[in-house]
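Inspection log for the structure reproduced underneath, given as structure tokens.
Note: hydrogens, waters and symmetry copies are ignored here, and every other heavy atom, side chains too, is used.
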Amino acid sequence: MKYIVIILLLSTNGVERIELKTNEPNCGEIAKAWREVNTTYYEGPNQGNFTNDGKLMIGYICNG
């Protein structure tokens, strides 16, 4: 069965989606691995997980 993990990012243009297709059913682990590789966590008044180009990861959706 095919699964799709949708990563949600917030930018100045609104919400953006990145779709990752996989055969693995564990969506949460895939999203966590993506976050660990592609974002950096910042503390302070603007805390969160940001990509190198300044987009904030706001969550993920599992579809499959």
Suppose we screen for side chain to side chain donor-acceptor pair (under 3.5 Å). Which residues come up paired with Glu43, at least two apart in sequence or across chains? none

Nearest-0.5 Å distance, OH of residue Tyr3 to CG of residue Asn63: 11.0 Å

Applying side chain to side chain donor-acceptor pair (under 3.5 Å), name anything that partners Thr51, two or more places apart in sequence or on another chain. Asp53

Keeping to residues at least two apart or across chains, list the salt bridge (Lys or Arg N to Asp or Glu O under 4.0 Å) pairs with something in residues 18-30. Arg17-Glu19

Would you please name every residue forming a side chain to side chain donor-acceptor pair (under 3.5 Å) with Asn52, sequence neighbours left out? none

When clusters are formed from ILVMFWY side-chain contacts under 4.5 Å, directly or step by step, what else is grouped with Tyr60? Val5, Ile7, Leu9, Ile18, Leu20, Ile30, Trp34, Met57

Rest of the hydrophobic cluster containing Tyr41 (Ile/Leu/Val/Met/Phe/Trp/Tyr, side-chain heavy atoms under 4.5 Å)? none

Kindly write out the residues that satisfy salt bridge (charged side-chain N to carboxylate O under 4.0 Å, His left out) with Glu16, not counting sequence neighbours, or none if the list is empty. Lys55

Hey, could you give me each pair passing disulfide bond (SG atoms under 2.5 Å apart) that has a residue in residues 5-46? Not counting sequence neighbours. Cys27-Cys62

Walk me through whether Phe50 and Thr39 qualify under side-chain contact (heavy atoms from CB on, under 4.5 Å). CA-CA 5 Å; Phe50 289 87; Thr39 68; 5.9 Å; no

Got a sec, which residues hit side chain to side chain contact (heavy atoms under 4.5 Å, CB included) with Ile61, two or more places apart in sequence or on another chain? Ile6, Leu8

